Amino acid sequence: MSSRAPITPTDDTATQANHPGSRVPARRLTRLVRTTARHRTDLLVGLFFAAFAGALTHRLWADPTGLLLALNPEDQVLYEWFLAIDARALLGDVGLSTDRLNAPVGVNLMANTSVIALGVLFAPVTLLFGAPVTFALLMTVNLAGTATAWYLLFSRTLRAHRAAATLGGALCGFAPGMVSQSNSHLHMTAQWLLPVIVWLVVRLLRAADPAARPTPASHPAAPSGPAAGLPTGAPDRRRLTTSAMGLAAAVSVQVFVGEEVLFLAALTLLVMAVTMIVVDRDLARRALPAFVGAMALATGTALLVLARPLWFQFAGPLGVADGMFSPHYFSADLRSWWAISPLSLVGDDGSARLSTGPAEYNTFVGWPLLVVTAGCACWLGRRPLVLACTAGILVMGGLSLGPEVVFDGDGTGLPGPYALLGGLPVVDGALPMRFALAVPPLMATLLVLAVDRALRATGRTRRLTLVAVAVALVPLVPAPLPTTERPPVPEFITAGHWRTCVEPGGVLVPVPLATPKEPWPMKWATAADAEFSMPQGFFIGPHGRGGSAAMGVAPRPTSALLADVARSGLRPVVGDEQRRRAAADVEHWGASCVVLPAGTAHADSLRLTVEALYGPSTRLSDAWYWRVREAR
């Protein structure tokens, strides 16, 4: 027998427990559990926003390929076509312009709100399920993503109570203007990068301010000065550089998502920065030089990426340097600011006359929210952030009124602040009423600060604040967006029969041709993943008087003739002159095929007219077609 004493399990366990390395897995498991618990609330808030966004868009989700948004279907057709074009990047068709519309000239994608980044990011969804599904998905993701991103900014950067941050995120993501813009304006609702940009700007400011770094007095465990490798009183250069690079990347991506949103954010941050400099001179002295230097680095880096796309947009082929929308027409009515949006559950359709259309209810925040926001600003006192948000609200709200203040539909003769921007390049082309979209995040910031303060208080102040904020926000709860039946795409297109008369990349002429007011044939190209091109269409290009920006292009003689027949149903007299022009138009377009769906209004009159122009037709599936040139 061995003389050694047996080692009992108890002894072995004690030995391992006393070994330092044995506690590492336990520590990791504990850290993982704590991290999961810490982010569980964030996940639940994000899921809540996603469910709420889904409830608003559920009518479109019922049948994305068979329904359209009832309040702005034309723009939905345009954005679905953009998504189909953008998705072709995965097929190797990459560029800042396309020849798949307005044949043979093409379209400058940078001069249009073509949401290139969104289209490329969701290209797999588009190629697998179709652009209508991608459009419905983006409608939902934009609302939920924007709300979630602002919630994270409020809860992390402001360190606000999560309930207060949730309320602020909800206002940012589901404000009346956001819900209104959800009627097809994907480039305006994709605002989930804005909180990232704001966070990076704040991070730059804190890195530039030596006083913002922890000191031994406030955080004994945190090294500072020489112990941290940084001279006392100096900006954090490494953090400045990394934040500047991140800001350049975020701004570059946002340009390919929606430039207008980026412009509004930049202007708002500029107003807030100037206000902060005025009210906090000490901060300006400490941080301004390093902050300006870091912003210059971020701007220069972004320009390295964006120089060519921006040149292409404004001065490149088919680019436009001016805006095409009248600032006088797209000005917010002063009365609309205290009206409730018609898209809210308690909204009044009568207030719709205070805007240009259901996609532009940007100012309808309601008088309760105006009053409560003003009260919160007064209660929070003269804090620099509160004053900066207040200044931003006043400036951006004032600019939304346009060159002349309008009240209840009538001009007052009083010049609006926007008149100061008259003549400025690029800026002068902005839609004044969209400046109001910058206001809800500023209001949300004030409400978050007020609710956070109230939640940390007790008694009457807490109850009064929470009740007031609830009264202000309840009238803004939106109703689900309405839908309507989608005009069907001919089976001639969906079944691929179009390949019998035009090869991929060739030009197909629909009857009647697509126009900005009647863009429906563009759905054919979308359904075919934009494999063929079309003349005319719905887009922005330099086709106005003197090369100015215009929507669409002037119709060719044959296009105008067919549009008249489609409207009236009356057959025109077709002679040699009309046939000569029709042949010239086909040659100009480079078209191989003319197609008329059987279900088109006045189809018989249109068919007989096209036969008089191009000869006998061929019936295939649910369409007639004419091979007017050899397929190529």
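Just so it is clear, the structure is predicted and the values come from calculations on it, not from any experiment.
Residues His497 and Glu491 come closest through the heavy atom pair CD2-O, 3.9 Å. In plain terms, the two heavy atoms of Pro516 and Gly537 that are nearest each other are CD-O, 3.6 Å. Residues Pro510 and Trp524 share a closest heavy-atom pair of CB-CZ3, 3.4 Å. Smallest separation of non-hydrogen atoms from Ala623 and Val595: CB-CG1, 4.0 Å. Taking each heavy atom of Cys172 and Pro441 in turn, the nearest pair found is SG-CA, 3.6 Å. Between Val107 and Leu318, the shortest heavy-atom contact is N-CD1, 3.8 Å.
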Please assess Ser344 against Tyr361 for the test side chain to side chain contact (heavy atoms under 4.5 Å, CB included), listing each intermediate value before the final yes or no.
CA-CA 11 Å; Ser344 299; Tyr361 297 150; over 6 Å; no
Take Val261 and Arg434 through the side chain to side chain contact (heavy atoms under 4.5 Å, CB included) test and state the conclusion after the steps.
CA-CA 9 Å; Val261 167; Arg434 290 187 179 173; over 6 Å; no
Verify salt bridge (charged side-chain N to carboxylate O under 4.0 Å, His left out) between Arg100 and Glu531, making sure each step is shown before the conclusion.
CA-CA 8 Å; Arg100 299 304 165 98; Glu531 289 194 43; over 6 Å; no
Under the side chain to side chain contact (heavy atoms under 4.5 Å, CB included) criterion, do Asn362 and Ser400 qualify, and how do the steps go?
CA-CA 9 Å; Asn362 307 318; Ser400 74; over 6 Å; no
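Rounding to the nearest 0.5 Å gives a distance of 4.5 Å between CD of Gln76 and CG of Leu69. Considering OG1 of Thr484 and CG of Leu67, their distance stands at 8.0 Å, rounded to 0.5 Å. One distance of note links CD of Glu80 with CG of Leu138; it measures 10.5 Å at 0.5 Å rounding. Distance check: Cys593 SG to Arg627 CZ gives 7.0 Å after rounding to the nearest 0.5 Å. Atom OG1 in Thr515 sits 10.0 Å away from atom CH2 in Trp520 (nearest 0.5 Å). Rounding to the nearest 0.5 Å gives a distance of 12.5 Å between NE2 of His602 and CG of Leu596.
Side-chain polar atoms of Gln254 and Glu259 form no donor-acceptor pair below 3.5 angstrom.
Under the 4.0 Å criterion applied to side-chain N and carboxylate O atoms, Glu518 and Arg567 are not assigned as salt-bridge partners.
Residues Asn102 and Val105 form a side-chain contact, since some pair of their non-hydrogen atoms from C-beta on lies under 4.5 Å apart. Proximity of Pro432 to Leu421: side-chain heavy atoms (C-beta onward) are nowhere separated by under 4.5 Å. Side-chain contact between Arg499 and Phe532 is absent, with no heavy atoms from C-beta onward closer than 4.5 Å. Residues Pro478 and Leu343 fail the side-chain proximity criterion, which asks for heavy atoms closer than 4.5 Å. Using a 4.5 Å cut-off on side-chain heavy atoms (C-beta onward), Phe135 and Leu60 make contact. Residues Thr356 and Phe325 have side chains not in contact (no heavy-atom distance under 4.5 Å, counting atoms from C-beta outward). Under the 4.5 Å side-chain criterion, counting only non-hydrogen atoms from C-beta, Phe82 is not in contact with Met522. With contacts defined as side-chain heavy-atom distances shorter than 4.5 Å, the pair Leu613/Val574 qualifies.
Shown here is Arg571, whose CZ atom has no more than 12 heavy atoms of other residues, nucleotides or ligands within 6.0 Å.
Of the possible polar contacts, none joining the Ser341 side chain to the Phe364 backbone as a donor-acceptor pair under 3.5 Å is found. With Tyr614 contributing its side chain and Ala582 its backbone, the two residues share a donor-acceptor pair below 3.5 Å. Ser114 contributes a side-chain N or O that, together with a main-chain N or O of Leu109, makes up a donor-acceptor pair within less than 3.5 Å. A side-chain donor-acceptor contact under 3.5 Å links Gln181 to the backbone of Ala359. At distances below 3.5 Å, not a single donor-acceptor pair connects side-chain atoms of Asp622 with backbone N or O atoms of Ala598. Using modelled atom types, one side-chain atom of Arg88 and one backbone atom of Asp529 make a donor-acceptor pair closer than 3.5 Å. Judged by distance alone, with hydrogens and angles left aside, the side-chain atoms of Asn72 form no donor-acceptor pair with the main-chain N or O of Pro358 at under 3.5 Å. At distances below 3.5 Å, not a single donor-acceptor pair connects side-chain atoms of Arg486 with backbone N or O atoms of Pro488. Using modelled atom types, no side-chain atom of His588 and backbone atom of Asp585 make a donor-acceptor pair closer than 3.5 Å. Judged by distance alone, with hydrogens and angles left aside, the side-chain atoms of Ser180 form no donor-acceptor pair with the main-chain N or O of Pro176 at under 3.5 Å.
With Asn183 as reference, Leu71 is the one residue of Thr189, Asp75, Leu71 to meet the side chain to side chain contact (heavy atoms under 4.5 Å, CB included) rule. Each of Thr65, Thr526, Thr494 was checked for a side chain to side chain contact (heavy atoms under 4.5 Å, CB included) with Val489, and the lone residue meeting it is Thr494. For the side-chain hydrogen bond (donor to acceptor under 3.5 Å, both in side chains) with Trp192, the qualifying choice from Thr146, Asn142, Thr148 is Asn142, the only one to do so.
The aromatic rings of Tyr151 and Phe49 lie perpendicular to each other, with more than 60° between the two planes, well past the 30° mark. Between Tyr79 and His185, the ring planes lie tilted relative to each other; the angle falls in the 30° to 60° range. Taking the six-membered ring where the residue is Trp, Phe435 and Phe263 present perpendicular rings, their angle passing 60° and hence far from 30°. Taking the six-membered ring for Trp and thresholds of 30 and 60 degrees, Phe539 and His543 have ring planes more than 60 degrees apart, a perpendicular arrangement.
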